[in-house]
Amino acid sequence: AMNRAREMLTSFGMLLAVGCGSKNYEYRIEQTISRKKYEKRLNENLGEADKGKLEEKNIFIRPPKGLAGPTKTFQLTAIEPGRFDLENTFIEGDKQSLHVLARVDQPKAPAKKGAPPQAAAPPRGDFNQEVVELIRNASGAEIDLSQFKQETKQVQGRRQSNTFLAKTLDLSAKEMQIYLFGSKASPYKVALIFEYPKAQKNAVAPKIGLCLENFLVGDPARLAFSGGETDESGDDGAEAAPPI
């Protein structure tokens with residue numbers, strides 16, 4: 001009787017293991033399908049990441065689809081040279097635009113012997129304050145950093161999420177969505193400023209959301225530029241395994 005009971009337990013254990021295995025397999029297939037669907041959505045809504053100065057600075061941004069750029073000159077307002085490390089504008093006629101401002105703290109290269117002294121860069125204050133001031137001057141809107149609210153965008157299939165200080169500005173016929181990324185301690189400080197006519201809001205909003213979810217800086221950005229998936233794709237335990 002003991003042997004019979006042991007046999008039954010063993011076969012029950014095997015059934016359980018098979019059940020777990022197939023559940024796990026189904027779960028992984030579901031994950032793959034949802035990731036493929038998400039990638040399709042990205043490609044339908046976002047353009048390719050620009051390989052110019054943004055790649056040099058390891059800032060990965062896929063602008064909303066339809067935006068061309070970066071334009072030769074920054075389109076939002078005139079900026080004193082040296083105030084930011086990067087000023088890019090991507091634009092689609094009158095439909096929408098994305099302005100990017102960034103500072104990246106990098107170790108200063110020692111001056112070469114005999115090289116002429118570098119012109120002193122303009123004094124730099126707090127990045128977020130300077131961006132807000134610039135927008136205030138460009139738009140005439142009463143905007144203050146204290147009005148910004150924290151917003152987190154979770155990246156699908158990755159452990160990573162992006163946290164921004166965000167504010168939407170009503171500029172009568174137009175709207176401007178401003179996202180400030182990077183803490184005081186972070187070497188990357190980036191402002192993403194989206195502009196569009198109010199009539200375009202419903203068409204533009206999902207693209208902006210996806211753009212912010214897929215924004216990367218530093219090593220993950222370098223990996224994304226080289227065409228590699230980040231090492232935090234859903235297959236390595238980034239997502240909890242299903243309950244069995």
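- The CD atom of Gln96 sits 9.5 Å away from the CD1 atom of Ile91 when rounded to the nearest 0.5 Å.
- Considering CG of Leu86 and CG of Leu54, their distance stands at 5.0 Å, rounded to 0.5 Å.
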Starting from the C-alpha separation in whole Å, work towards a yes-or-no answer on salt bridge (Lys or Arg N to Asp or Glu O under 4.0 Å) for Arg41 and Glu39. CA-CA 5 Å; Arg41 232 178 105 213; Glu39 278 165 20; over 6 Å; no
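- Pairing each heavy atom of Lys198 with each of Ser172, the nearest pair is NZ-O, 2.8 Å.
- Put simply, the side chain of Val132 does not reach to within 4.5 Å of the side chain of Asp144, judged on heavy atoms.
- How far CZ of Arg136 is from OG1 of Thr77: 13.0 Å, rounded to the nearest 0.5 Å.
- A heavy-atom distance below 4.5 Å is found between the side chains of Cys211 and Ile61.
- Note: Ser183 OG to Lys189 NZ = 6.5 Å, rounded to the nearest 0.5 Å.
- With respect to His99, the ring-ring contact (aromatic ring centres under 6.0 Å, His included) criterion is satisfied by exactly one of Phe74, Phe194, Phe90: Phe74.
- Other residues, nucleotides and ligands place more than 12 heavy atoms under 6.0 Å from the CG atom of Asp170.
- Glu44 pairs by the salt bridge (Lys or Arg N to Asp or Glu O under 4.0 Å) definition with Lys40, not counting sequence neighbours.
- Cation-pi geometry between Arg103 and Phe127 is not met at under 6.0 angstrom from the ring centre and within 45 degrees of the axis.
- Note on Leu171 and Tyr196: separate hydrophobic clusters, where clusters join Ile, Leu, Val, Met, Phe, Trp and Tyr whose side-chain heavy atoms are under 4.5 Å apart, directly or indirectly.
- A heavy-atom distance below 4.5 Å is not found between the side chains of Leu165 and Tyr179.
- The minimum heavy-atom distance between Pro70 and Asp50, with the atom names listed, is CD-OD1, 3.4 Å.
- Shown here is Lys149, whose NZ atom has no more than 12 heavy atoms of other residues, nucleotides or ligands within 6.0 Å.
- Put simply, Ile208 and Ile59 are part of the same group of oily side chains (I, L, V, M, F, W, Y) that touch within less than 4.5 Å, one to the next.
- Leu101 and Leu98 fall into different hydrophobic clusters, where Ile, Leu, Val, Met, Phe, Trp and Tyr are joined by side-chain heavy atoms under 4.5 Å apart, directly or via other members.
- Contact detail for Asp85 and Val104: the closest heavy-atom pair is OD2-N, 2.8 Å.
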Under the side-chain contact (heavy atoms from CB on, under 4.5 Å) criterion, do Glu195 and Glu175 qualify, and how do the steps go? CA-CA 6 Å; Glu195 279 188 289; Glu175 253 183 16; over 6 Å; no
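- The shortest heavy-atom contact between Ser161 and Gln154 is CB-OE1, 3.4 Å.
- Going from atom CG of Asn88 over to atom CG of Leu76 covers 13.0 Å, rounded to the nearest 0.5 Å.
- Using a 4.5 Å heavy-atom threshold, the side chains of Ile29 and Ile33 count as touching.
- The shortest heavy-atom contact between Asn162 and Phe181 is OD1-CE1, 4.1 Å.
- The cluster map of Ile, Leu, Val, Met, Phe, Trp and Tyr, joined by side-chain heavy atoms under 4.5 Å apart, puts Leu134 and Phe148 in the same cluster.
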Checking side-chain contact (heavy atoms from CB on, under 4.5 Å) for the pair Ile79/Glu130: CA distance, chi angles, key distance, verdict? CA-CA 11 Å; Ile79 295 182; Glu130 290 206 13; over 6 Å; no
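- What you find for Pro63 and Glu48 is that their closest heavy atoms are CD-O, 3.5 Å.
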Carefully, step by step, assess Val190 and Phe215 under the rule side-chain contact (heavy atoms from CB on, under 4.5 Å). CA-CA 10 Å; Val190 185; Phe215 167 80; 3.9 Å; yes
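- A salt bridge is defined here as a Lys NZ or Arg NE, NH1 or NH2 lying under 4.0 Å from an Asp or Glu carboxylate O, and Lys53 with Glu55 fails to meet this definition.
- At least one side-chain heavy atom of Ile143 sits less than 4.5 Å from a side-chain heavy atom of Lys167.
- Checked by atom type and distance alone, the side chain of Arg124 pairs as donor or acceptor with a backbone atom of Gly82 at under 3.5 Å.
- Side-chain contact check for Leu145 versus Leu180: some heavy-atom pair is nearer than 4.5 Å.
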Hey, mind stepping through Tyr38 and Asn214 against side-chain hydrogen bond (donor to acceptor under 3.5 Å, both in side chains) and telling me if it holds? CA-CA 11 Å; Tyr38 183 66; Asn214 288 273; 3.1 Å; yes
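- At a threshold of 4.5 Å between non-hydrogen side-chain atoms, the residues Leu46 and Lys65 do not count as touching.
- A 4.5 Å side-chain heavy-atom check between Lys57 and Val217 finds every atom pair outside the cut-off.
- The backbone N or O of Gln177 sits nowhere less than 3.5 Å from a side-chain atom of Thr168 that would complete a donor-acceptor pair.
- Under the 4.5 Å side-chain heavy-atom criterion for Ile, Leu, Val, Met, Phe, Trp and Tyr, Leu169 and Val204 are members of distinct hydrophobic clusters.
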Apply the test side-chain contact (heavy atoms from CB on, under 4.5 Å) to residues Met176 and Ile178: give CA-CA distance (whole Å), side-chain angles for both, the deciding distance (0.1 Å), then the verdict. CA-CA 6 Å; Met176 185 186 274; Ile178 307 145; 4.0 Å; yes
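- Residues that satisfy the ring-ring contact (aromatic ring centres under 6.0 Å, His included) test with Phe60, not counting sequence neighbours, are Phe225.
- With values rounded to the nearest 0.5 angstrom, Lys36 atom NZ is found 12.5 Å from Gln31 atom CD.
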